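Here the structure is laid out as structure tokens; the discussion comes afterwards.
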There are 2 protein chains.
Amino acid sequence: MYRGRVRTTLPVIACCEPLTRAPLGVDQAVTLAARLKALADPARLRLISLLAASPTGDVCVCELTGPLGLSQPTVSHHLKVLHEAGLVTREKRSTWAYYSVVPEAFDALAQVLAPPR
Amino acid sequence: MYRGRVRTTLPVIACCEPLTRAPLGVDQAVTLAARLKALADPARLRLISLLAASPTGDVCVCELTGPLGLSQPTVSHHLKVLHEAGLVTREKRSTWAYYSVVPEAFDALAQVLAPPR
DNA sequence: CGCGAATATTGACAGCCGTCGATGCGTGCG
DNA sequence: CGCACGCATCGACGGCTGTCAATATTCGCG
């Protein structure tokens with residue numbers, strides 16, 4: 001069974017060929033599903049878009065709770081999930097935590113989802 | 001709140017720009033998350049790859065339960081989820097049901113996930 | 001040192017999800 | 001007609017998940 005969270009941060013660029021090549025092994029499917037699951041949430045998608053839309057490319061948590069309309073612990077939770085999936089990076093500057101997207105991860109995902117032909 | 005399944009089949013090609021443009025509205029985020037959530041499961045990812053790997057492009061349910069190691073009801077359930085998300089089509093021929101992938105849907109997803117720059 | 005601010009962690013709770021066995025439904029065949 | 005087969009649906013169950021309030025942690029500053 002594939003149940004059970006993937007705890008450690010996923011390898012920078014994870015898996016596999018275009019998804020529509022060979023019949024995806026169990027392990028690859030689990031890994032890819034974990035990363036997609038991290039994305040498959042409205043709040044996290046909006047977080048990603050907010051990070052990407054920033055001129056500087058990184059945003060501190062305090063600027064994210066407002067636009068999302070979620071509590072600070074919840075935002076921290078979502079950012080942690082995204083971080084563990086290797087989709088964002090965290091940089092702490094004194095008391096503030098600045099998050100930014102990892103373009104390579106999204107590039108890899110886009111290629112995996114590339115349609116046949 | 002965004003809770004609650006998206007019941008009807010999603011529009012053939014759903015949303016939005018590259019995800020890394022404008023700060024994604026709530027509705028768009030919910031729609032996109034629904035489609036990603038349909039993909040974010042190991043069994044369903046393997047189903048997709050099995051469908052895509054078929055020479056004819058379509059596979060009947062009876063040929064899918066074996067490779068996946070899941071019961072027939074479970075496989076039917078996953079195919080239903082994929083169908084409601086607009087990721088696969090179903091065609092019934094007498095007693096058999098043949099499923100195939102919808103390339104346009106994956107193309108759209110790949111473009112939405114395209115990284116910044 | 002001690003306070004305040006920004007985050008992270010914990011605990012709790014309600015709702016969703018993947019899985020299976022049992023059952024229903026439609027179709028072709030003898 | 002009646003049976004067998006392929007598939008979908010139902011009901012149930014255990015585990016996971018998103019959310020918040022409360023609390024812990026870390027850091028700068030006076």
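The structure displayed is predicted, hence computed values, not measured ones.
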Inset, instruction - Taking the six-membered ring of B:Y98 (Phe, Tyr or Trp), confirm whether the NZ or CZ of B:R90 is under 6.0 Å from its centre and within 45° of its axis. - result: no
Inset, instruction - Establish whether the base of C:dA8 is bridged to the side chain of A:Q72 by a donor-acceptor pair shorter than 3.5 Å. - result: yes
Inset, instruction - Give the nucleotide from the list D:dA22, D:dC7, C:dT7 with an atom nearest to the side chain of A:V61. - result: C:dT7
Inset, instruction - Quickly work out the A:L47 CG to C:dT7 P distance and round it to whole Å. - result: 13 Å
Inset, instruction - Using atom CD of B:E84 as one end and atom P of C:dC17 as the other, report the distance to the nearest whole Å. - result: 11 Å
Legend entry - Short side-chain N/O contact to D:dA8 OP1/OP2 from B:R90, under 4.0 Å: yes
Inset, instruction - Check whether any side-chain nitrogen or oxygen of B:H78 sits under 4.0 Å from OP1 or OP2 of C:dT19, and answer yes or no. - result: yes
Legend entry - Nearest-0.5 Å distance that lies between atom CG in B:L32 and atom CG in B:L113: 7.0 Å
Legend entry - Under-4.0 Å side-chain N/O to phosphate OP1/OP2 contact, A:S76 with C:dA8: yes
Inset, instruction - Give the rounded distance in Å between these two atoms: CH2 of A:W96 and P of D:dT25. - result: 21 Å
Legend entry - Ionic contact status for A:D58 with A:R93, cut-off 4.0 Å: yes
Inset, instruction - Give a yes/no on whether any side-chain N or O of A:Y99 is located under 4.0 angstrom from OP1 or OP2 of C:dA8. - result: yes
Inset, instruction - Have a look at A:S94 and say if it touches a base, only the backbone sugar-phosphate, or nothing, with a 4.0 Å heavy-atom cut-off. - result: sugar-phosphate
Inset, instruction - Could you state the atom-to-atom distance from CG of A:L39 to P of D:dG18 in whole Å? - result: 12 Å
Inset, instruction - Nearest whole angstrom, please: distance from the P of D:dG6 to the CD of B:E91. - result: 18 Å
Legend entry - Between CH2 on residue A:W96 and CD on residue A:E63, distance to nearest 0.5 Å: 11.0 Å
Legend entry - Distance below 4.0 Å between A:S71 side-chain N/O and D:dC20 OP1 or OP2: yes
Inset, instruction - Take the protein atom NZ of A:K37 and the nucleotide atom C1' of D:dG15, then report the distance between them rounded to whole Å. - result: 11 Å
Legend entry - Distance below 4.0 Å between A:R44 side-chain N/O and D:dG18 OP1 or OP2: yes
Inset, instruction - Respond yes when some side-chain nitrogen or oxygen of B:K80 is under 4.0 Å from OP1 or OP2 of D:dT9, and no when none is. - result: yes
Inset, instruction - Have a look at A:L51 and tell me which of A:V88, A:L87, A:L82, A:T89 forms a side chain to side chain contact (heavy atoms under 4.5 Å, CB included) with it. - result: A:V88
Inset, instruction - Kindly say if A:T95 contacts the phosphate of C:dA5, meaning a side-chain N or O under 4.0 Å from OP1 or OP2. - result: no
Legend entry - Upstream residue (5' side of DNA chain D) when A:G69 and B:A97 are each assigned their closest nucleotide: B:A97
Inset, instruction - Find the distance B:D41:CG to D:dG15:P and express it as a whole number of Å. - result: 18 Å
Legend entry - Minimum-distance nucleotide (side-chain atoms of B:L70 versus D:dC7, C:dG18, C:dC20): C:dC20
Inset, instruction - Mark yes or no for whether B:R44, through its side chain, and B:A38, through its backbone, hold a donor-acceptor pair below 3.5 Å. - result: yes
Inset, instruction - May I have the distance from A:Y98 (atom OH) to C:dT7 (atom C1'), rounded to whole angstrom? - result: 13 Å
